[in-house]
Amino acid sequence: MSEHNYLLLTPGPLTTSKTVKEAMLFDSCTWDEDYNLGVVQSIRQKLVTLATQSTGYTSVLLQGSGSFAVEAVLGTVIGPQDKLLVVNNGAYGARMVEMARLMDLNHHEFHCGEVNEPDVEAMEAVLKGDAQISHIAMVHCETTTGMLNPLERVSGLAARNGKTLIVDAMSSFGGIPLDVDALGIDYLISSANKCIQGVPGFAFVIARRSELEKCAGRSRSLSLDLYAQWRCMEDNAGKWRFTSPTHTLLAFAQALRELEKEGGIDARNIRYRANQQRLVAGMRELGFETLLEDGLHSPIITAFYSPKAETYRFTEFYQRLKQQGFVIYPGKVSQSDCFRIGNIGEIYPPDIEGLLTAVGQAMYWDL
Ligand SMILES: *Cc1c(COP(=O)(O)O)cnc(C)c1O
């Protein structure tokens with residue numbers, strides 16, 4: 001297998017650097033100090049530093065993919081007297097609604113269609129009409145469409161109304177600058193294999209310490225108890241409750257060093273934006289149209305309408321791109337036939353140029 005057999009233009013797992021992959025060539029002992037203090041605690045501290053300058057935050061790492069951490073937050077944070085408003089404008093918002101339903105949490109689904117920005121005034125009206133609502137959960141970059149949800153306005157809304165704010169920043173954290181304290185975010189969730197550019201295996205939560213401290217004994221699940229996981233890491237200097245994904249952590253530590261070397265989140269954001277803008281411009285030159293208006297796009301992933309030609313099949317297009325070294329993603333929007341191209345990970349503008357040439361070659365359908 002070559003160093004890169006193909007580039008992943010997907011929303012995670014992503015193309016990672018060779019050095020991130022090489023960092024895994026070591027077997028760590030889970031109770032060893034070099035691992036717990038040197039790797040785990042250092043990662044936890046660095047994550048908080050990336051998220052804010054405030055000292056009121058802490059971080060928790062959790063085994064599994066990103067959804068595990070979303071479920072852990074909802075199940076650990078929402079008490080029996082609480083009620084959660086979930087913004088749903090895509091598959092990941094819908095997944096939180098499904099979690100709330102399965103865990104029997106009091107919740108209100110704020111559905112706003114997949115291609116529209118959430119209407120913050122309408123949300124405020126819901127809050128005014130239902131005093132029991134205590135928490136708001138929203139996805140930051142809705143990876144389904146690539147939409148960047150209006151985080152500042154929703155955080156203002158949460159602050160004005162005294163609600164606890166939970167943000168699924170899975171596909172944006174590390175690629176879009178933000179400060180959790182300035183935005184009043186109480187829980188921010190992301191995972192190892194998105195914009196930090198690590199490999200899959202764990203997720204993490206950056207939490208306002210004073211909020212997390214209230215959550216003892218609330219969890220509906222043993223292994224997804226965010227509070228218990230946090231206490232274990234706090235009280236035992238970075239020890240995980242159950243088997244920790246040791247190799248993934250080593251890769252993540254290396255990915256954090258590489259993020260720093262690139263110039264931090266601001267520099268990475270500039271690269272991702274350059275990738276996304278070139279992608280959209282080039283795809284438009286080839287005749288493709290984006291699902292969303294330009295103002296709603298994130299610099300992370302873009303949804304394009306499928307060509308209307310009768311002979312077009314996603315799988316055929318996909319195979320032709322893969323043969324040329326590029327892997328794209330199917331669509332996930334319910335009402336429209338789309339495909340998606342991500343531009344995060346170890347991807348640079350020359351890779352996007354290469355992709356555009358490959359797309360030109362792969363357009364086999366009748367025009
Ligand atoms: C990737 C992603 C998740 C988590 O997905 P997993 O497959 O569980 O890792 C959640 N929310 C968003 C917005 C995502 O992009």
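Numbering of ligands and ligand atoms starts at 1, following listing order.
Salt-bridge formation is not detected for the pair R95/E71: no Lys NZ or Arg NE/NH1/NH2 atom is positioned less than 4.0 Å from an Asp or Glu carboxylate oxygen.
Pairing each heavy atom of Q276 with each of T302, the nearest pair is NE2-OG1, 2.9 Å. When all heavy atoms of L157 and M123 are compared, the pair lying nearest together is CD2-CE, 3.7 Å.
For ligand 1, the polar-atom distance check against T143 finds a nitrogen or oxygen pair separated by under 3.5 Å. Close N/O approach between P11 and ligand 1 is not found [any backbone or side-chain N/O within under 3.5 Å]. Backbone and side-chain nitrogen or oxygen atoms of K194 are examined, and one is located within less than 3.5 angstrom of a nitrogen or oxygen of ligand 1.
Interface of S171 with ligand 1, defined as ligand atoms under 4.0 Å from a residue heavy atom, comprises 15 (O). Heavy-atom contacts of S67 reach the following atoms of ligand 1: 4 (C), 5 (O), 6 (P), 8 (O) (cutoff under 4.0 Å). Interface atoms of ligand 1 facing R95, defined by a heavy-atom separation under 4.0 Å, are 5 (O), 8 (O). Heavy-atom contacts of V139 reach the following atoms of ligand 1: 13 (C) (cutoff under 4.0 Å).
At a 4.0 Å heavy-atom cut-off, ligand 1 touches C141 through the backbone alone. Residue-level proximity to ligand 1 for E142 is absent, since no heavy atom of it falls below 4.0 angstrom.
Between atom 9 (O) of ligand 1 and the options A69, S191, G66, the minimum heavy-atom separation is to G66. Of the listed residues (S65, G12, G90), the one carrying the non-hydrogen atom nearest atom 8 (O) of ligand 1 is S65.
For residues 216-253, the ring pair (Phe, Tyr, Trp, His ring centres under 6.0 Å) pairs, not counting sequence neighbours, are F202-F252, F204-F252, Y227-W230.
With a 4.5 Å cut-off on side-chain heavy atoms, I347 and L355 do not count as touching. The side-chain heavy atoms of T145 and L296, taken from C-beta on, include no pair separated by under 4.5 Å.
The nearest protein atom to atom 11 (N) of ligand 1, hydrogens excluded, is given as D168 OD2, 2.6 Å; this is a heavy-atom distance. Counting only heavy atoms of the protein, atom 3 (C) of ligand 1 lies nearest to M170 CG, 3.4 Å.
With I166 as the fixed residue, the side chain to side chain contact (heavy atoms under 4.5 Å, CB included) test singles out one of I136, I189, V205: I189. Checked options Y318, Y329, Y305, F304; the residue passing with F339 is F304 (criterion: ring pair (Phe, Tyr, Trp, His ring centres under 6.0 Å)).
Partners of D181 according to the salt bridge (Lys or Arg N to Asp or Glu O under 4.0 Å) rule, which considers only residues two or more places apart in sequence or in another chain, are R208.
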